[in-house]
Amino acid sequence: MAMGATDRGAWGSRMGFVLAAAGSAVGLGNIWGFPTQVGRGGGAAFVVLYLLCVGLICAPILIAEIAIGRRTQKDPVTAFEVLRPRTAWWLTGLLGVLAGVGILSFYSVIAGWTLAYVWYTATGAVTGSQDAIGAFFGDFVSNGPLSLGLTLVVLVTTAVIIIGGVRSGIERVTRVLMPLLLGLLVLLAARAVTLPGAEAGLAYYMRPDVSRLFDMSVLNAALGQAFFSLSLGMGAMITYGSYLTRRQGIGGAAVWVVLLDTSVALLAGFIIFPAGFSLPGFDPGSGGPGLIFTVLPRLFDTLPGGHLFGAAFFVLLSMAALTSTISLLEVPVSHLIDGHGWTRRNAVLAITTLTAALAIPSALSNGAVGFFSQLPGLGMSFLDFMAIVWNEFALPIGGLLVAIFVGHIWRVDEALAELRAEGAAFPLGGLWGALIRYVCPIAILLIIIFTTLRTLAS
Ligand code: PFF
């Protein structure tokens with residue numbers, strides 16, 4: 001289907017959708033975010049809780065979002081309006097549109113760092129002792145103008161690709177990117193686990209501390225991370241699902257997206273922790289946002305031709321980030337097109353400008369400007385604050401609303417009819433219905449309530 005008069009597009013095939021959705025899911029969240037969260041959340045306990053969240057909560061919601069999108073062929077706000085006109089459900093879509101801008105504003109900052117590290121690793125600028133590499137990263141991110149400039153490069157590149165429409169680009173890039181990225185990650189993991197001292201890292205990553213399994217703050221972080229990693233709770237998958245035609249089945253596509261996304265995250269952990277623990281005095285919890293930028297360069301140093309591996313790694317990571325920023329921008333853009341009749345070009349220009357303005361405090365919050373680096377009263381940087389607000393609150397709330405909507409308002413039998421349209425196979429419909437009706441809403445609600453109470457109490 002060609003781009004129509006309304007500037008809507010469609011995937012060339014179901015494979016095209018799987019690639020684009022996996023491209024959205026696989027990104028900084030997997031390779032930068034997941035290990036960072038594992039480090040903060042105390043290791044293997046986080047991994048266990050994360051996998052539970054993915055299987056029991058996020059996978060069913062992924063299917064629900066794609067079904068809403070394909071059924072309505074609309075942006076998230078309009079989709080809810082179409083399914084339940086004259087109700088307030090469209091606000092769920094609006095929350096997603098806002099989350100798209102909010103997440104993109106800090107995501108593009110980190111994507112800018114990975115871009116710079118292509119250059120730094122290729123030219124051998126980041127080598128030497130762990131302290132030297134750490135100091136290099138600290139100096140680099142505290143350079144405000146540089147961080148801002150890199151953020152702009154990411155945003156403008158994303159905008160230019162999106163102006164071209166959904167199909168051109170994304171499918172093609174991801175088709176090459178995914179196998180290359182997986183191949184390189186496997187290679188790096190194989191190297192990392194054979195380093196001296198790697199066993200301690202493997203134990204940290206794979207042997208859960210049972211007491212932390214019942215820690216609500218770890219569970220909340222795991223849930224937020226799972227939503228973020230699968231691009232859920234903000235309508236990205238509704239939007240991508242809306243470019244599916246009815247002949248393109250949903251169940252199998254969703255399984256592929258979950259498997260790819262989860263394997264990339266798990267692989268990233270198999271690289272970072274063994275490599276990290278092979279270094280003297282490594283503390284996984286203190287790495288913060290710099291974990292991959294400080295541990296990986298040391299790993300590259302241990303490889304013959306390490307600079308090349310390093311540069312290749314950061315090129316692939318930048319491209320993975322780009323296929324995610326594309327989906328983040330596509331949500332608000334599709335809303336202006338479908339909901340307000342804008343042209344694609346104007347929608348992209350407006351949203352990109354807004355996001356760039358909102359990105360300024362995040363780009364300056366890593367040492368460049370004291371106020372943003374250590375927000376008064378919160379004790380964290382503006383970038384960390386944004387990540388927590390959107391990932392741990394907005395996305396789970398968005399997911400909760402999607403689950404309630406599909407399970408109780410639109411209703412499971414209607415959704416199943418969409419999932420099984422044109423004779424598509426969707427086994428275990430009863431199980432999916434039970435998860436979406438009861439398990440997802442109750443679990444998310446409990447986690448959000450506990451987190452709010454804890455935040456208020458502290
Ligand atoms: N899933 C992406 C990642 O893991 O890097 C981030 C993301 C993209 C979140 C798109 C949300 C979204 F809509």
Side-chain angles (χ1 to χ4, degrees), residues 19-38 50 53-54 58-59 61-62 65-66 69 75-76 92-93 95-114 154-155 158 161-162 166 170 174 177-178 181 185 221-242 254 257-258 260-269 289 292 316-335 351 355 386-399 402:
L19 286 169
S24 166
V26 173
L28 297 171
N30 306 62
I31 293 170
W32 165 80
F34 181 74
T36 305
Q37 294 286 352
V38 174
Y50 176 83
C53 288
V54 168
C58 291
I61 292 182
L62 173 64
E65 285 202 17
I66 302 174
D75 76 281
T92 307
L95 179 69
V97 169
L98 298 178
V101 175
I103 293 177
L104 185 57
S105 78
F106 74 85
Y107 197 89
S108 53
V109 174
I110 302 154
W113 298 348
T114 64
V154 172
L155 287 176
T158 308
I161 296 177
I162 289 227
V166 278
I170 310 184
T174 317
L177 172 77
M178 243 5 123
L181 185 65
L185 290 176
L223 182 71
Q225 173 63 26
F227 268 101
F228 182 71
S229 190
L230 283 164
S231 306
L232 291 180
M234 56 152 285
M237 293 299 174
I238 297 182
T239 308
Y240 273 17
S242 78
V257 173
V258 170
L260 272 170
D261 188 68
T262 308
S263 3
V264 172
L266 290 176
L267 266 174
I292 64 166
L316 291 174
L317 185 55
S318 303
M319 287 172 61
L322 193 64
T323 52
S324 299
T325 55
I326 288 173
S327 69
L328 283 163
L329 187 56
E330 183 65 23
V331 173
V333 163
S334 75
H335 173 56
I351 302 285
T355 310
M386 289 293 271
I388 289 183
V389 168
W390 296 110
N391 299 5
E392 293 189 17
F393 288 95
L395 297 186
I397 290 173
V402 166

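Basis for what follows: all heavy atoms, side chains included, without hydrogens, waters or symmetry-related copies. Throughout, numbering of the chain's residues begins at 1 and tracks the sequence. None of these values were measured; they are calculated from a predicted model. Start at 1 and go down the list; that is how both ligands and their atoms are numbered.
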Work out which heavy atom in [X] is nearest to a heavy atom in [Y]; give both atom names and the distance.
| X | Y | value |
| --- | --- | --- |
| F228 | G29 | CE2-CA, 3.6 Å |
| W390 | L98 | CH2-O, 3.9 Å |
| C53 | A222 | SG-C, 4.2 Å |

For [X], all residues meeting side-chain hydrogen bond (donor to acceptor under 3.5 Å, both in side chains), sequence neighbours excluded:
| X | answer |
| --- | --- |
| T325 | T158 |
| N391 | none |
| T239 | none |

Check each protein residue for a heavy atom under 4.0 Å from ligand 1 and list those that pass, ordered by chain and number.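 Answer by chain and number: S24, A25, G27, L28, G29, N30, Y107, F228, S229, S231, M234, A236, S324, S327, L328.
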